[in-house]
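Notes to accompany the following structure.
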Amino acid sequence: MNGKRILNELISIFLFLNIALLTFNVVKTVDSYRISTTRINNVTYALEQKGIYLKTQIPRNFTPKSQANLSDLIGSNMTAERYNIVSALFGENSGKVIVTKDSNAPKSLIHRYGGEVLTFNKNNIIYTNTNSTSENDKIISLQSSKKTCKDFIKTHRL
């Protein structure tokens with residue numbers, strides 16, 4: 001027996017085996033970070049039910065990401081952020097705002113001034129104005145409502 005020939009054959013067998021294992025490992029890893037067509041269709045359908053239409057394809061391949069927690073970023077300053085929102089919305093009347101808690105939702109705060117109500121409930125902020133007149137209650141077009149929203153945001157900029 002030729003020892004050198006056997007050694008070369010063993011090296012080639014192990015090299016071929018390592019290449020095959022690497023290929024299978026890469027294929028397995030890539031497939032685990034691929035969104036199935038069924039899932040993409042389900043996401044698209046759920047968005048369309050809420051009136052959101054995609055003009056592009058959802059990426060099928062992704063890489064793992066660490067979990068984001070927004071409470072680490074704003075958790076300690078939530079009171080300051082809430083104060084800034086109340087000040088921007090009610091302006092000079094922010095000192096006259098009555099703050100109460102909702103008995104149905106223990107972690108919610110309700111800021112009320114006249115007919116305007118600003119509710120903070122966990123991650124939701126709800127603004128309601130009951131001072132509207134019948135002239136403001138008429139049905140308006142989408143463009144007009146967008147303009148009204150933009151004007152509201154401009155006047156209540158944070």
Side-chain angles (χ1 to χ4, degrees), residues 19-158:
I19 290 172
L21 289 174
L22 175 70
T23 304
F24 292 134
N25 195 10
V26 167
V27 167
K28 181 181 176 185
T29 304
V30 168
D31 280 344
S32 65
Y33 296 114
R34 182 181 305 257
I35 299 174
S36 68
T37 307
T38 305
R39 188 164 186 181
I40 288 176
N41 291 339
N42 289 341
V43 168
T44 306
Y45 177 75
L47 290 173
E48 286 175 356
Q49 292 299 315
K50 294 186 178 191
I52 301 170
Y53 297 95
L54 299 176
K55 291 184 178 180
T56 184
Q57 294 292 322
I58 295 176
R60 290 200 57 177
N61 299 324
F62 65 95
T63 56
K65 305 280 189 263
S66 61
Q67 183 176 1
N69 189 356
L70 294 179
S71 64
D72 294 339
L73 300 173
I74 62 171
S76 60
N77 292 332
M78 194 57 171
T79 305
E81 293 296 326
R82 187 172 47 246
Y83 174 76
N84 289 340
I85 293 171
V86 169
S87 297
L89 187 65
F90 293 113
E92 67 227 17
N93 297 324
S94 62
K96 301 174 185 174
V97 172
I98 299 170
V99 181
T100 58
K101 289 188 176 185
D102 188 4
S103 60
N104 296 332
K107 292 191 175 186
S108 70
L109 287 174
I110 301 171
H111 296 75
R112 187 180 315 266
Y113 178 75
E116 294 179 288
V117 179
L118 183 65
T119 306
F120 294 92
N121 186 4
K122 294 182 183 176
N123 296 330
N124 297 323
I125 301 172
I126 302 168
Y127 173 76
T128 318
N129 187 353
T130 58
N131 290 336
S132 63
T133 61
S134 60
E135 180 182 316
N136 293 336
D137 291 339
K138 62 183 178 182
I139 298 174
I140 58 175
S141 67
L142 180 62
Q143 289 79 17
S144 178
S145 63
K146 284 182 181 180
K147 182 183 179 309
T148 304
C149 288
K150 286 179 183 179
D151 291 343
F152 178 83
I153 291 171
K154 285 179 185 175
T155 58
H156 296 90
R157 188 163 300 273
L158 299 176

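Fair warning: this is a prediction, and the values are worked out from it, not measured in the lab.
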- Task: Just jot down the salt bridge (Lys or Arg N to Asp or Glu O under 4.0 Å) partners of R34, sequence neighbours excluded, or say none.
- Result: D31
Under 3.5 Å, side-chain donor or acceptor atoms of residues 44-59 against the rest of the protein: list the pairs with distances, not counting sequence neighbours.
from : atom 1 : to  : atom 2 : distance (Å)
T44  : OG1    : I40 : O      : 2.8
Y45  : OH     : Q49 : NE2    : 3.2

- Identify, with sequence neighbours excluded, every residue that meets salt bridge (Lys or Arg N to Asp or Glu O under 4.0 Å) alongside K101. none
- Item | I19: side chain to side chain contact (heavy atoms under 4.5 Å, CB included) partners, not counting sequence neighbours | L15, T23
- Message: Exactly one of V99, T119, V117 should register a side-chain contact (heavy atoms from CB on, under 4.5 Å) with R112. Which one does?
- Response: V117
- Message: Against L118, only a single residue in V86, T128, I126, V97 fulfils side-chain contact (heavy atoms from CB on, under 4.5 Å); can you say which?
- Response: V86
